[in-house]
Amino acid sequence: WVPMGRIPFAIVVVSLLLGCDSTPLPMMEDPPLPPEGPAPQVQVTLGFGPAPLEGDLRLTQPEGSRGWSYAVDLDQDGEADHAGVLENDIGFRYRFTTPGPHVIRVVLTGPAGPVDVEVPVVVQYPDRVRLLAETTVEPLDPEAGEFEGIAVDPAGENVYVGDFQDGAVVRIEAAGLVQREGIQLPRGVEGLSVSPSGDYLFVGFKNNYWSARLALPELVAEPPPQEVGGYTKFYVAALDDRLALYGGGSALAIQDLHSGEQLAAIDEMNGEVFHAWHFDVHPDGDRAAVLDFHDHPAIHVVGLPDLDVRLTHHLPEGFVGRTAAWDHVDDRIHLIVSTVFTVDDFYVVIDAASGDIERWMPLGPLGCSYCVANPVARSRDGRYIAFERNGGVLIVDTTIDLPILLVDPVRSFSSTSVAADPTADATFWLLNQWGRLRRIEILP
């Protein structure tokens, strides 16, 4: 959980979208002693999942807090299901079965009067995905086949798939899902990214320090794969036909794949080794949100192409960021974060300018922690963000800033890479570790 003092009560916006009743809840009589101190913390143990979704609403007293009254509406009927004076930490069980967003409402009364807190809980939609096409990618080497990287050209005509185990990239024609040529590269192919022009595919490698630029659509290495910079390149974003942003596990760097030069790099932060993890380039192309995986986990807003650190926001103690994505309209960043010593993860929305946390939703146990190098994609219209999670793909609807479904979770040593389809709204390409390639549409 995260201290509620760090989360503004902006969740009321969600209640308006969902049409929740804002009339006052009936409160108990005045407490025997006047309330004092900070407001109790309000949190749920599980905010998203399939029906029936069950969890606990918890009210926790911070240090110096006493005498606060509470009224809790668990079933959205406008009536208080529980009311009293908080004397010790307390919890109430909730259960929802209807797909879609629900709101648990808590009214806390303290020294300055009532505080209205509304916590969203989402029952996953079971039938909002349409399968449009499907095939199985064949590895170049029959003994290989451990697929991770995926990218689509701007015209949506070709899908490029990376084989980590074999060190290969193959082309799939989107129309008819016909597998065409491939190219053998060094082992450890990871992130793939097509340049905005559609003329080149940039490749990152995990097991060595190589980079590659492939001319499209025929997958010709121009120049030959080369070693640039002394660090692994897990994630990659093509900035133009020459420059690519690389990161993942060590430094964050801009490389010119035409000349083989490294133009800028961040390998140290405040005197410590900089462990750049996943990053996402803003749709405007002028900045990136970069997750920092060192001893003090944070997210940095970094200018492009100079790699100047413009803002740094530290994550709450005990949490690390896994994946990040920019909002398509607002200057906010959507995150999946995990606890350091357990297997729980959370959906988080953070204001990129102030660092304020606007949403903190527990997603439950992280059944599969196997990472992939293309774990996040925004749909063409920007409404949906797809995050790799638990071997499947978590779909977030940015119009309400809530997850709505988890596509095909696989709680085993397997994960799914994701890419947006540039030719249709609400449409994604999914690639699981064993080569199953699908084109899906999120239904309204």
Side-chain angles (χ1 to χ4, degrees), residues 48-50 124 129 131 134-139 144-152 159-170 172 187-193 203-207 232-237 247-249 277-280 291 293 320-325 334-339 342-347 363-378 384-396 403 405-421 428-440 442:
F48 172 81
Q124 166 176 329
V129 177
L131 178 64
E134 181 177 15
T135 191
T136 299
V137 182
E138 297 295 332
E146 186 177 318
F147 298 96
E148 289 197 34
I150 184 173
V152 184
V159 182
Y160 298 94
V161 171
D163 184 342
F164 172 87
Q165 186 177 3
D166 190 25
V169 176
V170 299
I172 310 292
R187 187 180 187 277
V189 166
E190 284 284 357
L192 303 181
S193 181
V203 185
F205 297 83
K206 180 179 180 180
N207 289 352
T232 59
K233 301 169 180 68
F234 202 86
Y235 304 106
V236 58
W277 193 235
H278 182 254
F279 62 81
D280 186 44
L291 286 166
F293 218 63
V320 295
R322 293 179 53 228
T323 46
H334 300 253
L335 303 170
I336 302 295
V337 306
S338 298
T339 47
T342 66
V343 292
D344 294 322
D345 61 352
F346 303 79
Y347 165 64
L363 299 176
L366 179 63
C368 174
S369 59
Y370 186 70
C371 52
V372 294
N374 291 102
V376 173
R378 281 182 301 274
Y384 298 106
I385 300 175
F387 290 94
E388 184 279 328
R389 182 178 183 267
N390 272 5
V393 176
L394 181 73
I395 304 295
V396 168
L405 70 147
L406 180 62
V407 182
D408 293 348
V410 181
R411 295 179 179 271
S412 63
F413 192 70
S414 175
S415 285
T416 298
S417 302
V418 61
D421 189 317
F428 296 95
W429 289 91
L430 310 184
L431 171 73
N432 77 2
Q433 185 184 354
W434 314 122
R436 184 188 181 197
L437 177 67
R438 290 170 293 161
R439 183 172 179 255
I440 66 165
I442 311 302

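For clarity, every value in this text was computed on a predicted model and none was experimentally measured.
- Taking each heavy atom of A324 and D280 in turn, the nearest pair found is O-CB, 3.4 Å.
- Within the 4.5 Å cutoff, the side chain of N374 has no heavy atoms near those of the L431 side chain.
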Q: Kindly indicate, with the supporting measurements, whether the criterion side-chain contact (heavy atoms from CB on, under 4.5 Å) is fulfilled by E388 and T323.
A: CA-CA 9 Å; E388 184 279 328; T323 46; over 6 Å; no
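- Closest non-hydrogen pair, G145 versus W434, comes out as O-CE3, 4.2 Å.
- Residues F48 and L394 have side chains in contact (heavy-atom distance under 4.5 Å, counting atoms from C-beta outward).
- T339 has its side chain within reach of F346: a pair of non-hydrogen atoms, C-beta onward, lies under 4.5 Å apart.
- Remark: side-chain polar atoms of H334 are not paired, donor with acceptor, to backbone N or O of A325 under 3.5 angstrom.
- D408 places none of its side-chain heavy atoms less than 4.5 Å from the side chain of T416.
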Q | Residue pair V396, Y347: steps toward the side-chain contact (heavy atoms from CB on, under 4.5 Å) verdict | A | CA-CA 9 Å; V396 168; Y347 165 64; 3.4 Å; yes
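- Here CD1 of I150 is found 11.5 Å from CZ of F428. Values are rounded to the nearest 0.5 Å.
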Q: Quick one: do I385 and V376 satisfy side-chain contact (heavy atoms from CB on, under 4.5 Å)? Show the steps, please.
A: CA-CA 7 Å; I385 300 175; V376 173; 4.1 Å; yes
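- Counting all heavy atoms, side chain and backbone alike, A377 lies closest to A420 at CB-N, 3.6 Å.
- E148 has its side chain within reach of E190: a pair of non-hydrogen atoms, C-beta onward, lies under 4.5 Å apart.
- Screening L192, V169, V170 against V161 for a side chain to side chain contact (heavy atoms under 4.5 Å, CB included) leaves a single residue, V170.
- Pairing each heavy atom of G392 with each of L406, the nearest pair is C-CD1, 4.4 Å.
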Q: Take F164 and V189 through the side-chain contact (heavy atoms from CB on, under 4.5 Å) test and state the conclusion after the steps.
A: CA-CA 5 Å; F164 172 87; V189 166; 5.5 Å; no
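- The side chain to side chain donor-acceptor pair (under 3.5 Å) with E134 is formed by just one residue from the set R438, R436, R439; it is R436.
- At a threshold of 4.5 Å between non-hydrogen side-chain atoms, the residues K206 and F234 count as touching.
- The shortest distance between side-chain heavy atoms of S415 and N432 does not fall below 4.5 Å.
- Minimum heavy-atom separation, F279 to G247: CE2-N, 3.6 Å.
- At least one side-chain heavy atom of L291 sits under 4.5 Å from a side-chain heavy atom of L335.
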